[in-house]
Amino acid sequence: MVDLTTQIGSLTLKNPIMPASGTFSEELAQLFDLECLGAHVTKTITREKRSGNPTPRVCEVRGSMLNSIGIPSKGLDAFKANVIPFYERYSAPLIVSISAGSADEFASLCEDISVPGVAAIEVNISCPNIEEDGKAFAMRPSTTYAVMQKLRQATDLPLWAKLTPNTGETTEVAKAAEEAGADALVVSNTLLAMAIDIHTRRPKLGNLMGGLSGPAFKPIALRMAYQCAKSVNIPVIGCGGISTVEDVIEYLIAGAVAVQIGTATFLEPKIMVRMIDGLDAYLKSQGFQTVGQLVGSVEDEEASDGLVFMEAAP
Amino acid sequence: MVDLTTQIGSLTLKNPIMPASGTFSEELAQLFDLECLGAHVTKTITREKRSGNPTPRVCEVRGSMLNSIGIPSKGLDAFKANVIPFYERYSAPLIVSISAGSADEFASLCEDISVPGVAAIEVNISCPNIEEDGKAFAMRPSTTYAVMQKLRQATDLPLWAKLTPNTGETTEVAKAAEEAGADALVVSNTLLAMAIDIHTRRPKLGNLMGGLSGPAFKPIALRMAYQCAKSVNIPVIGCGGISTVEDVIEYLIAGAVAVQIGTATFLEPKIMVRMIDGLDAYLKSQGFQTVGQLVGSVEDEEASDGLVFMEAAP
Amino acid sequence: MSVVTFPKSPVQTEMTPVFEVSCTVKRNDPVNGEYRQLVLYAPQSILDCAPGQFFHLLCPITEQLQPFLRRPMSIYGFYPEKGELHFLYKVTGEGTSALATLTAGQSLNVLGPLGHGFDILPDWQNLLLVARGVGLATLAPLALQAHRLGRNLTAICSARSEDMLMSLDYFRDLGAEIIPITDDNGSSDMANLRHIIEAKIADTGIDAMYTCGSNRILKLLQTLGEIHNIPGQIALEQQMACGIGMCQCCVRAFRRDGKTVNERVCREGPVFDLQEAIGW
Amino acid sequence: MSVVTFPKSPVQTEMTPVFEVSCTVKRNDPVNGEYRQLVLYAPQSILDCAPGQFFHLLCPITEQLQPFLRRPMSIYGFYPEKGELHFLYKVTGEGTSALATLTAGQSLNVLGPLGHGFDILPDWQNLLLVARGVGLATLAPLALQAHRLGRNLTAICSARSEDMLMSLDYFRDLGAEIIPITDDNGSSDMANLRHIIEAKIADTGIDAMYTCGSNRILKLLQTLGEIHNIPGQIALEQQMACGIGMCQCCVRAFRRDGKTVNERVCREGPVFDLQEAIGW
Ligand SMILES: Cc1cc2nc3c(=O)[nH]c(=O)nc-3n(C[C@H](O)[C@H](O)[C@H](O)COP(=O)(O)OP(=O)(O)OC[C@H]3O[C@@H](n4cnc5c(N)ncnc54)[C@H](O)[C@@H]3O)c2cc1C
Ligand SMILES: Cc1cc2nc3c(=O)[nH]c(=O)nc-3n(C[C@H](O)[C@H](O)[C@H](O)COP(=O)(O)OP(=O)(O)OC[C@H]3O[C@@H](n4cnc5c(N)ncnc54)[C@H](O)[C@@H]3O)c2cc1C
Ligand SMILES: Cc1cc2nc3c(=O)[nH]c(=O)nc-3n(C[C@H](O)[C@H](O)[C@H](O)COP(=O)(O)O)c2cc1C
Ligand SMILES: Cc1cc2nc3c(=O)[nH]c(=O)nc-3n(C[C@H](O)[C@H](O)[C@H](O)COP(=O)(O)O)c2cc1C
Ligand code: FES
Ligand code: FES
């Protein structure tokens, strides 16, 4: 028997596979028993009702997709009334993703969502906010630190900080989140990108630009997950382009203790179930007793800090 | 007859298609007459001889590739003795790409390479340098400005600044390069990424990480080219993932006055020739007289500055 | 608004099963220049469908065509008795071109049945269906269902030209009254269409109207529905990523209780109340 | 070093044409469990090859397999008279698995001929070739060339087991003397191989040695070359992106004039001087 459990701070997950925020909802229960997942992660919510971005909200690019869903939200009250109770039937921990336009609003939402039924809070600090010229908090170490500190004071629940790949300061931001008290990092959100329809000459997304996710994004997010795992002592949850069990294994080897699956679920709704089985089979075949033995097992002994933390391609 | 010429500052190119640095060399003349290209762009050289990074230097990822070639260089003298004379047989302008570890060395190389036969200098400010903690100059507006100013003083030749996608400050860096006197921007170099072989658990590149190029990278580089074209008044040369004539058209619509083709040449060595023909045919079919009519024709009237210059995915 | 809006049938329950399965292609033949009919051998489990529902197809990857997302496709026919699932599709871009490459014996991964289909309330005897182009694909199973339930159906089928009119025999075999109209002979213009429908209302009466796809037809039916107090439904389209309600990319705006609300085409739809729909 | 290093044949001139063409597959059959032989109908233009040169193949894209870069493959045989180009390959990963899906009539885009092949200098009468595994693919056309030039060739063919020994008939038909050695019966160990070669040197003498692929064989031949003053060549492999000399990804280090120099396997190679090669 292989032990698939993984530890994220004080939380024990029965396996390291969970969905990514915005690519999962109650409806997936129509396809398989959600109980099997390591955790449940909900779409980012805001306190107020919001309708999200104009359509088209998704488009495809070679081997991947862009989205500019934005954060349509039914609001905090509706979320507490309908969504949290739905997940109570499961023992898998419920992770709630939240966002807000300012650090104070963020903290107050964080406080108000710290209710029974919620196991941890994922803070989406990687979408544009109204302070700081609309830059996402996670673009800079200073703003990351500032917002994370307020969030830390607002809740006793574990706080997962979700980073953005759009920054040029990945490791600095990761360290700032850790210092400010984050319990884990989710690495990462989508990368800003664009596509234009050459027939109409219009941007393919109603919102002009959007976030790249899916296979094309994997080598970038994997690099970030690796860099973060090397630079902080809190657990890193890998996220970006994971489509196969081999991808899961690659992230774990790179140092992630768990992974989130996004876009792949759109193509294969039961992919997470297959990944759990596949990971189990792989560990068995390699003679591992625990998934932890795989985590961070990358053979990079010789690599200097200069390489590990480089910020531009050589 | 369609007019394919495009203007990059004082230089007139007979068409907007040219190779990207590091993905082109004299050997390509074995496949077609290089005269047909808009310009010739050579692999980045340094003053001193260098051997480049350890192998393996390339690997493939889903639908794209990573490279960590580094800058192996035969040095300035060999370059002047062998490479520049080779290109003298062509009327297409020769663009020489250079790099150096410090701003002063950069400027002095720039001065020494400003010789007859060279039509413009592309400055690769996007690879790690020895000043500033190894960060590439183009990671920050301040370092971009500093190095570009020195380079500007070192030559009268047109200066093209090659930007990096690894920064979180694309438009600020673009503006800094413009202010410091760049004649054009090349947008952009490769994006830092990583891949691990799950069987050996070793990084797939000898240098641990490398740059993502090819189709997967296109939506990111296109977004940057669009943002740069919106934020500066100097010409933008698009580069990143261009594999088909449709991709060329997409970049031109986004605002690039010309494009560079990299990885695609590895798969289809004659792709640039096909793109020139294809662009001509497309313009004819659309009733355009000049390629200039296509440039920047993206239908984005409604988009606010907030959208155009956003730095994280919504 | 004075008009009765369509009584919503009970919302699909959270746990209605949805299946992701590989089906074998029985055939995939051109219907005319632009359309193809795809027939799959399908397991019983996925054939418990309602007209108006759709499947989300994982189109094949070929040397030339590499669609990424799934493609939503209305159920053109579902036949539990013979274990078949039919689609009628128009070759438009990368995904449908890839679909068109499928040959008998190959397999296709389908996800479904998805969405909220058409309703036929017990007291609706006279049904009117106005379909244009590929809209026929969406409305065809409604005709079958009407036939099964013993209702009277009038199908107004609109197309550019005579030879683009598809499925007339299909509707005829189901005992529907067919009224073909075309752009070529001018019979498809809105004035004539209105004339035809009002004549029908005056004659046998119409208890419910169904349509999809055309903005002008939507407007006309909304007007007629309001004037004559006839409920109706429309099937709508939107870009889709997940197809099952997770990603929220497929929203459209609807008028409801004086407000504008966003609903997911894949989940609350693709069939919506005719009066709530907003033209595009 | 006292040994004569191999006199380099004139460097391929800048303008030697290289072609990118689509060829039609004639057949693509398994040779044994791991290897396949691919036969293409090829235009004359690309069949002006030298033994040791290679082509860079754009492997097909299928539903399951999506190789990105081209894959380098030695010319196993080139036959201008019948317009054929042959490859012998081992199915290892994504690219070669995709190659293995090709069937007669399909097309394959090839780039070449590329690189610097083997040399057979005028005064070399007795040639020795030591090949193992897929190395046979690379050395086979050398046998053909030797045959065409009327030289004597001894081919020592090494493999894991008897049934993995390929192309013996091919070599035999070309009049070569074949010495099969296998791991199974222990005959392939280095001591025995050395013994065989030294016997051959003592008997008829050897004017040049050719090999590829195995580090241990390289070391042995370097030693024997040095002792007996016999020149030699080795074909090397390295990851390749462009295949024609542009990207500099395919470099390997060589010993030359007491220094270590990097050379591009695709351009200065894939055939290099035996003594300059550095083991791996
Ligand atoms: C519920 C529903 C049922 C449908 N039923 C049918 C049917 O029975 N027969 C039929 O021919 N077509 C139907 N369509 C439209 C069909 O989904 C599109 O024609 C198809 O997705 C086009 O894909 P493509 O790659 O060929 O075209 P492209 O234009 O290359 O597609 C690019 C992207 O846009 C999306 N897209 C393009 N057009 C549409 C559209 N009209 N609706 C939604 N997404 C679109 C694609 O899914 C893809 O993601 C239906 C759409 C929906 C939403
Ligand atoms: C000049 C030359 C001639 C060759 N001739 C033959 C031949 O005749 N028959 C034969 O079976 N093989 C030959 N090889 C090796 C062959 O190129 C590789 O086996 C093949 O590229 C593996 O691709 P893959 O996708 O199946 O394997 P993967 O392991 O999935 O390949 C991953 C990547 O690594 C590269 N790669 C893997 N192995 C090698 C290798 N040994 N050399 C270079 N690149 C590699 C691939 O090209 C690809 O880019 C030759 C290699 C070179 C350089
Ligand atoms: C349609 C869509 C909606 C998303 N919504 C959110 C969101 O609300 N909050 C968030 O933190 N990330 C959101 N993401 C980002 C994903 O959680 C994930 O970080 C990203 O897609 C990369 O993973 P992937 O490549 O596996 O999809 C969204 C992604 C997609 C594709
Ligand atoms: C193998 C390889 C080597 C490269 N070498 C250089 C270089 O020396 N200097 C440079 O500025 N860019 C270099 N680049 C980056 C390319 O010029 C180009 O910016 C990048 O590959 C994106 O374009 P593409 O997606 O079309 O390849 C290199 C890229 C590759 C793939
Ligand atoms: S397509 Fe994802 S919610 Fe409708
Ligand atoms: S493969 Fe590009 S230089 Fe050899």
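For the numbers below, each heavy atom of this structure counts, side chains included, while hydrogens, waters and symmetry mates do not. Letters A, B, ... mirror the listed sequences (proteins, then strands); counts begin at 1.
Using a cutoff of 4.0 Å between basic side-chain nitrogens and carboxylate oxygens, C/R70 and A/E268 are not scored as salt-bridged. The residues A/R274 and C/E20 are annotated as salt-bridged, a charged nitrogen and a carboxylate oxygen being separated by less than 4.0 angstrom. C/D183 has a carboxylate O that lies under 4.0 Å from a charged side-chain N of C/R132, or vice versa, which qualifies the two as a salt bridge. Ionic pairing of C/R256 and C/E276 is present here: one or more N-O contacts between side-chain nitrogen and carboxylate oxygen are shorter than 4.0 angstrom. Using a 4.0 Å cut-off between charged nitrogen and carboxylate oxygen, A/E105 and A/R47 do not count as a salt-bridge pair. Ion pairing between C/R252 and C/E237 fails under the 4.0 Å rule for side-chain N and carboxylate O.
For a heavy-atom cut-off of 4.5 Å, chain C lies close to A/G22, A/T23, A/F24, A/S25 in residues 14-25 of chain A.
Ranked by heavy-atom pairs under 4.5 Å with chain A, the list C/N262, C/L58, C/L69 is led by C/L69. The residue among C/C250, C/C247, C/A253 with the most heavy atom pairs within less than 4.5 Å of chain A is C/C247.
We find the CG-OG1 distance between A/N189 and A/T164 to be 6.5 Å, quoted to the nearest 0.5 Å.
For chain C, the nearby parts of A/L267 are the backbone and the side chain; heavy atoms of each come within less than 4.5 Å. Within the 4.5 angstrom heavy-atom criterion, only side-chain atoms of A/T263, from C-beta onward, approach chain C. In this structure, the portions of C/V251 lying under 4.5 Å from any heavy atom of chain A include both its backbone and its side chain. Residue contact with chain A, scored on non-hydrogen atoms closer than 4.5 Å, involves the backbone and the side chain of C/I244 alike.
Ring geometry for A/Y87 against A/Y90 counts as tilted: the plane angle lies between 30° and 60°, on a 0 to 90° scale.
Judged by distance alone, with hydrogens and angles left aside, the side-chain atoms of A/K74 form no donor-acceptor pair with the main-chain N or O of A/E48 at under 3.5 Å.
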